Amino acid sequence: MGDSVPAPDKPTIPITVDFSGGLEMLFSNQKRHSLTIPATDSNEKPATIAFLIDHLCKNLMTDPRSEMFVLDKHIRPGILVLINDADWELEGEEAYELQPKDNILFVSTLHGG
Amino acid sequence: MGDSVPAPDKPTIPITVDFSGGLEMLFSNQKRHSLTIPATDSNEKPATIAFLIDHLCKNLMTDPRSEMFVLDKHIRPGILVLINDADWELEGEEAYELQPKDNILFVSTLHGG
Amino acid sequence: MAQYTDRALTEEEMERYSRQMIVPGMGKDAQLRLINSKVLIIGAGGLGCPAAQYIAGAGVGTIGIVDGDVVEISNLHRQVGHSTTRVGMMKVDSLITHLKGLNPLPSYIPHLTHLTPHNAADIISQYDLVLDCTDNPATRYLISDVCVLLEKPLVSAASVQASGQLTVLNCPPVPQGITSILGVTHPLPPCYRCCFPKPPPPSAMTTCGEAGIVGTVVGMMGIAQAGEAIKILAKGHHRADILNDPPHEPTFPPSLLIYSYDLEKGPSSATFRSVRMAGRRKTCFACGDNSPQNLTLEGIQKGTPNYDQFCSLPSAKVTL
Amino acid sequence: MAQYTDRALTEEEMERYSRQMIVPGMGKDAQLRLINSKVLIIGAGGLGCPAAQYIAGAGVGTIGIVDGDVVEISNLHRQVGHSTTRVGMMKVDSLITHLKGLNPLPSYIPHLTHLTPHNAADIISQYDLVLDCTDNPATRYLISDVCVLLEKPLVSAASVQASGQLTVLNCPPVPQGITSILGVTHPLPPCYRCCFPKPPPPSAMTTCGEAGIVGTVVGMMGIAQAGEAIKILAKGHHRADILNDPPHEPTFPPSLLIYSYDLEKGPSSATFRSVRMAGRRKTCFACGDNSPQNLTLEGIQKGTPNYDQFCSLPSAKVTL
Ligand SMILES: [Zn+2]
Ligand SMILES: [Zn+2]
């Protein structure tokens with residue numbers, strides 16, 4: 001949990017993270033989380049979606065089944081990532097640099113009927 | 001149509017106005033209008049919802065049946081006014097002073113089934 | 001709510017309802033609450049048909065249906081609980097025929113009449129929750145007024161042309177005339193008149209018969225009504241006792257869902273917009289501070305208020 | 001589209017469809033386009049039943065239904081086109097029985113089989129538009145691939161527990177392998193693989209049987225599918241000829257509707273969220289620049305790609 005509280009003098013970014021389609025069950029069964037995350041990673045590079053995914057696994061996930069969210073350090077197949085309501089493919093995928101007040105939605109693709 | 005173009009040196013407010021439930025038919029059959037309206041009325045008072053309703057009748061309405069929208073200078077019964085997605089009763093009704101980027105939704109109450 | 005959940009489910013119930021019972025948030029207690037609930041569907045038309053299908057399917061134990069009309073060919077593009085072979089039959093009987101096929105376990109109670117000021121309290125008093133699936137303002141105000149007086153939660157929807165609206169009223173019910181409760185800071189639940197104090201002028205009223213209706217639009221609203229009713233009953237939201245000693249359970253923020261299926265735009269252009277409504281209005285004719293002087297069950301039955309006049313309808317014609 | 005609208009409506013059609021024909025944006029030409037359309041509904045379950053009711057009600061002239069399963073009691077809380085008396089009957093026959101009652105005018109074509117790589121092209125080629133109402137990833141990829149190759153628009157929905165999703169794909173259809181058109185700056189329509197390039201691992205897949213499903217949630221998605229299909233066909237959106245000389249008609253912004261019926265929250269808490277999707281992907285296996293080397297109708301029929309393997313299913317079990 002060492003990463004959970006940014007050092008007090010480090011700049012942070014306020015964002016909201018939403019989970020849908022069942023993924024919320026991995027995160028305290030809560031669909032919306034208002035988070036303050038470090039503005040830069042450990043190499044002082046701006047925080048990206050890739051950084052956020054790692055951050056969520058380390059600090060927010062309450063379910064031990066992390067393979068339901070990430071596989072080989074990337075988001076697992078069958079999860080859509082939406083950056084401010086747009087498919088992350090339109091925004092640069094993992095390399096997108098987080099901006100204050102961004103909304104990131106992770107939604108599990110459904111197949112039932 | 002004298003009110004439609006504010007004098008160039010007068011301050012203006014950018015807002016969006018939405019019509020729904022059939023009211024759009026009175027306004028060029030268009031549901032969303034991005035408008036720039038004068039920031040003050042002719043008495044230099046801040047522009048309110050009451051001012052906006054008068055402004056819409058004079059400048060945006062394309063259908064001659066104005067009684068479908070106003071009766072005795074007030075919005076007719078059976079129309080809900082939503083200020084930034086909240087019932088205008090929560091915001092002061094006609095006296096609410098418009099702010100830049102406000103969204104005002106006029107929606108006709110439906111009864112069919 | 002102990003009395004609702006103190007029996008086992010039968011084998012037949014287990015088999016029939018298993019797929020909804022295993023959904024997180026449902027379960028055996030929720031299913032038993034549905035089985036022990038009584039729902040009244042007023043209007044067996046474009047809203048009432050799909051709503052009834054899913055309320056019956058979910059296993060609500062007692063389902064009353066009110067309608068005085070007969071099935072017509074022009075209903076069938078949207079009123080999917082009827083059938084061409086049942087044209088001319090009372091809509092209530094036609095819909096119950098379909099529902100019994102879908103699920104024979106609930107009790108179905110036919111009310112072969114329009115809802116009137118004379119019969120409304122008698123009928124509504126037999127149920128736990130009401131769905132307003134009617135098509136005219138006079139009946140909508142009547143239903144809401146009686147629901148306020150009898151303290152029944154009301155799920156109200158409406159649809160014309162390519163638009164739909166949905167709102168949950170009176171949930172949980174609060175006695176008439178009480179507009180604030182010590183220690184409760186959130187708004188109390190509104191009634192229909194709190195949201196819509198005055199009806200539109202007759203020139204601005206349109207029915208589905210005159211203005212037309214897209215079947216899928218009214219269908220979406222009808223299913224959404226069933227969804228609200230099932231959640232309220234399964235979770236006991238209508239029983240939240242906000243009058244009890246503190247700490248009070250929070251009330252639900254009143255809201256209106258506005259659905260717009262835009263025929264002028266391409267695929268995927270339908271919009272759903274949820275807007276915040278005000279709570280119970282101190283000045284409301286039906287539920288506000290002075291409302292007991294305006295509105296009583298006895299008064300309604302004797303013709304006060306006059307709903308047809310209030311909605312400026314020719315008084316002979318109040319159809320569902 | 002002249003050939004679609006050059007006859008009068010019969011008196012019976014006028015009576016039956018009048019309420020939707022008078023809605024602004026519909027009308028006689030739109031109705032005749034529906035009557036002359038052929039729609040395939042793949043899956044006669046929780047999505048397919050409500051979708052079929054409204055597609056039949058609206059007067060689509062030819063309606064094919066594909067399913068290899070029989071009706072079970074546990075289906076009936078949500079599969080409202082079936083009936084307790086038809087338990088054990090093929091779902092396709094049961095649903096067509098119901099639809100014929102609702103509207104005897106359309107031609108109903110039963111396909112009493114699961115969709116397979118072997119029969120998919122044969123079946124889909126007979127229709128103008130496809131509704132994916134199935135319940136497993138392998139069949140979803142198969143349907144989309146065949147729709148790309150046969151240039152059919154596809155309305156795809158899915159639902160599990162208290163969540164639903166809906167997206168319109170391949171509309172209007174663009175030939176396989178074309179990922180840009182001179183003068184067209186908007187995105188070309190995506191296929192299912194463009195949106196969802198890889199299936200989830202088997203451990204993350206859940207079906208309605210295993211995970212449960214709220215009837216009204218899947219019902220909302222099924223009706224929404226019908227709404228998209230009816231609009232596309234009535235307005236001819238699937239025929240927009242974006243390959244023609246400039247000026248090109250604009251394509252439709254691809255989007256995904258996400259519905260969430262929150263059982264942990266009170267009434268009126270369901271949310272609808274529409275998110276922007278990317279268009280046709282240059283690297284898409286099925287429709288991208290090199291896709292003709294990956295995917296052909298002949299290949300599919302001979303077992304390439306292997307859908308079960310792709311979705312890591314035990315290869316014997318591909319059920320709808
Ligand atoms: Zn009230
Ligand atoms: Zn593709």
Side-chain angles (χ1 to χ4, degrees), chain A residues 16-33 49 53 56-57 61-96 102-113, chain D residues 42-43 45-48 132-140 156-165 187 190 194-201 203-213 218 221-222 225 254-256 258-260 262 264-265 271 273-279 281 311 320:
Chain A
T16 53
V17 175
D18 293 340
F19 299 99
S20 171
L23 290 178
E24 63 275 15
M25 284 190 269
L26 305 177
F27 296 89
S28 337
N29 209 13
Q30 192 183 319
K31 293 198 173 187
R32 172 155 290 187
H33 298 257
I49 294 282
I53 291 168
L56 294 175
C57 287
M61 194 180 293
T62 50
D63 194 294
R65 293 170 298 165
S66 66
E67 75 280 5
M68 297 291 280
F69 191 62
V70 288
L71 278 178
D72 301 330
K73 300 213 162 191
H74 298 286
I75 205 83
R76 75 152 166 82
I79 293 179
L80 285 179
V81 185
L82 288 311
I83 299 170
N84 300 321
D85 281 339
D87 188 341
W88 72 339
E89 197 193 328
L90 299 164
E91 304 290 340
E93 304 198 352
E94 285 191 343
Y96 172 83
D102 273 352
N103 174 275
I104 313 298
L105 166 62
F106 296 92
V107 53
S108 177
T109 312
L110 306 178
H111 304 95
Chain D
I42 308 181
L47 293 165
D132 184 343
C133 302
T134 63
D135 72 353
N136 69 82
T139 309
R140 291 182 179 275
S156 182
S159 188
V160 172
Q161 294 187 342
S163 302
Q165 294 173 357
C194 292
C195 297
F196 312 110
K198 280 191 202 170
S203 60
M205 285 184 207
T206 46
T207 66
C208 296
E210 295 152 17
I213 175 80
V218 67
M221 293 296 104
Q225 272 184 294
S255 78
L256 175 75
I258 300 171
Y259 175 54
S260 187
D262 200 327
E264 303 305 325
K265 290 193 183 162
T271 55
R273 190 161 172 173
S274 180
V275 298
R276 276 192 302 135
M277 300 297 288
R281 209 187 265 266
C311 297
L320 282 180

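A, B, ... follow the sequence lines: proteins, then strands. Residue 1 opens every chain. All figures in this text were calculated on a predicted structure; none of them were measured in a lab.
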So which of D:Cys133, D:Ser274, D:Pro199 has the biggest tally of heavy-atom pairs under 4.5 Å with chain A? D:Pro199
Under 4.5 Å, counting heavy-atom pairs only, tell me which of A:Gly22, A:Pro77, A:Gly21, A:Gly78 racks up the most with chain D.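 That would be A:Pro77.
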Taking only heavy atoms into account, what residues of residues 102-111 of chain A are found under 4.5 Å from chain D?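 From residues 102-111 of chain A, the residues near chain D are A:Asn103, A:Leu105, A:Val107, A:Ser108, A:Thr109, A:Leu110, A:His111.
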Counting only non-hydrogen atoms closer than 4.5 Å, can you tell me which residues of residues 87-96 of chain A sit against chain D? A:Asp87, A:Glu89, A:Leu90, A:Glu91, A:Glu93
If I take atom CZ from residue D:Arg276 and atom CD1 from residue A:Ile83, how far apart are they, to the nearest 0.5 angstrom? 10.5 Å
Do the non-hydrogen side-chain atoms of A:Lys31 and D:Lys265 ever get within less than 4.5 Å of each other? no
Indicate the atoms forming the closest heavy-atom contact of A:Ser20 with D:Ile258, along with that distance. OG-CG2, 3.6 Å
Search all heavy atoms of D:Arg140 against all heavy atoms of A:Gly112 and return the closest pair with its distance. NH2-O, 3.3 Å
Applying side-chain contact (heavy atoms from CB on, under 4.5 Å), run through D:Glu264 and A:Glu24 and close with a yes or a no. CA-CA 12 Å; D:Glu264 303 305 325; A:Glu24 63 275 15; over 6 Å; no
When the 4.5 angstrom heavy-atom criterion is applied to A:Leu80 and chain D, the contacting part is side chain
